[in-house]
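For reference, the structure I am asking about is given below.
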Amino acid sequence: MELRGKKVIALGERDGVPGPAVAECASRAGAEVVLTLTACYV
Amino acid sequence: MPRVTSDGMPVIRAVSLVLAHVPSLVRLGSKPLRVLREVHDPIDFLRPHLRAWDVAQAYAPNQVFIGNMGVDELAARPTPWHRHPIERAARFGPDGEIMPEDEFFGLLAACDGFQLLGLDRELADRARSALDAHPVIGRAAGSPTVPPGVTAAVLEERVERHRALRIVGADGRLLGAMLPGHDEDDTLTGQVLLENLACKATAALALRHLLARPGAIASADVRYVINCGEEAVGDRYQRGGGNVAKAVAEWAGCGRATGSDVKAFCSGPMHALMLAGALVRSGLHDDVVVLAGGSLAKLGMKFQGHVKHAMPIVEDVLAGFAAHVSRDDGVSPTLRLDAIGRHEVASGSAPLAVMKALYSEPLGRVGLTLLDVDRFSLELHNPEATEPAGSGNVPLNNYRTLASLAVVEKLIARESIDDFVRARGMPGFSPTQGHIASAIPYLGHARRALTEGRLTRTMFAGKGSLFLGRMTQLPDGLSLVLERNAGST
Amino acid sequence: MGLEDQAAVKRVADEHGNGVVVLLGTPDAESTQTLAQTVVAGDPSYAGPLAGVPLGLPVFHVFEPEVRDQVPADVYEAQVALMEMSLDREAILAGLREARRAGATA
């Protein structure tokens, strides 16, 4: 799977890798981030 | 950042932590309300999983919460904790109490200045006689008493004709009804007002406990109160208008106090303690109280997991706390205002940057490292509440991340992560009450251990999920160092 | 995944059509598996807007080598490496494989 050119939905988690951190990885790999969310289950 | 010198630091003079056991209100938590909307009789569905008060009282994490049991003792106990009750559990502990439901309903009614909460007559009478004799909020303490209840017919009429929220007991009986505060205001519905009232009542209970301590500050000497609970008290023109702090101060008899609310999701309490310390140090006020009540919306948040695993719903308690921040008394633990860890805007969301900002940077500023802290208090959510619902062991995850930071900083070897977590962490023992579970429940234990000399230095860090409010993608966080008073060593 | 988040994922997937992939930052095997299953085969709890809706989105985790290899090393170091050290990477990736397997046979 090549991220470059893909549209990425970044689903992070507060106690894991947060959404914006996932999104940063995706966009720096050449993808377009179309949604960034961070879940918090507590 | 301007330097803060270490002299004249404020201290945490007293702490109280309380629980109110409210199995009947579990069905009014946000999750049960939504999930059980289609269920004909939600209480019947929940009943097999609702705990009696003595069972909740004998639940080890609850005993740790009110200070009757230490965190190391809890870590050594057999699990699951809900299958291994404490034999000699007590209602009261050094930090507070676990209040039974009947009395708490009475307290709710006594805290309701607008007569919107109607209680069943018998319940109100029962609650009044119990509360009048309560050691902390009883008649002797001058607290408002429980108003008379009403008949079942009146309650039914309020529900049917005046859109009151029906409050059904775990036994299926109608216990009361909460009227809306206004016919057309979505921020003043019976449900919203009951959530706000529960927050006020648990905070008020915590404040009265604080003021009842031997050697405690007189209520008239409390000059400023900061509330850091998460409920948005207001009306449709100002949804989170506030000011719970003042409402609680009034109820608790702090006639010369004013106050305000500080909000930052679950990191609110850390901001509030910092601000209280700053007010004291600046000389503006000698005595500031920080407090917060519990979250009714979070009751039963993970109940589906508990039902699925045929275990009791352990999210059946509301929590509250209060802390007295004052000028240095030479004995109480010192709040190091020179070592505040701040999640700054530019800290962003990258875990490494966030962790450095909250831990290593503030410690480094005063010449310390992670290894100079005896105990860290982070997210303390009870894993027995979260794991059955697939939400993991939140404290353990957070402690492991902190230990990994110690590896990155070359303070420990990678193989020592587990040892670091064991020695400097603790098991989660807090109900999933958001801002309270975020570091606060260890405050009472820390104050005692630092005062008695069993610990030298502790660090508290709260995290706030600001992104849930959809105004920023950022998280928030603030950390505080609490250490043994130099005057007592 | 919360119900509100499911609605957002569904809307974005619908709006963008082909070429959408999901990248996860979940902290354990169970949440990884549940979330991956939700965006591949539909909400396993049958409660949210994705109940019975197999979006069939390709799903990856930031801990996967094929993802890491595409991210500049300094970026990965800053954004991910600490969590990779503290969390159980193998279990997370096993959870993801499990969800993919279930999705392929659904």
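Letters go in sequence order (proteins before strands), and every chain restarts at 1. Everything numeric here is computed off the predicted structure, so don't read it as measured data.
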Note, Leu396(B) side chain near Pro383(B) side chain (heavy atom, < 4.5 Å)
no
Review point. Is there side-chain contact between Leu273(B) and Ile440(B), with at least one heavy-atom pair below 4.5 Å?
Key: yes
### Close side-chain approach of Leu36(B) to Phe303(B), heavy-atom, < 4.5 Å
yes
Hits for side-chain contact (heavy atoms from CB on, under 4.5 Å) against Ala198(B), two or more places apart or cross-chain, chain-then-number order -> Leu108(B), Leu296(B), Leu318(B)
Just wondering, do Pro395(B) and Pro427(B) contact through their side chains at under 4.5 Å, heavy atoms? no
Contacts satisfying salt bridge (Lys or Arg N to Asp or Glu O under 4.0 Å) that involve residues 32-42 of chain A (not counting sequence neighbours) are none
Chain B against chain A: donor-acceptor pairs under 3.5 Å:
from: Arg14(A); atom 1: NH1; to: Glu379(B); atom 2: OE1; distance (Å): 3.2
from: Arg14(A); atom 1: NH2; to: Glu379(B); atom 2: OE1; distance (Å): 3.2
from: Asp15(A); atom 1: OD1; to: Asn398(B); atom 2: ND2; distance (Å): 3.1
from: Asp15(A); atom 1: OD1; to: Lys463(B); atom 2: NZ; distance (Å): 3.0
from: Thr36(A); atom 1: O; to: Gln473(B); atom 2: NE2; distance (Å): 3.0
from: Tyr41(A); atom 1: O; to: Lys302(B); atom 2: NZ; distance (Å): 2.5
from: Val42(A); atom 1: O; to: Lys298(B); atom 2: NZ; distance (Å): 3.4

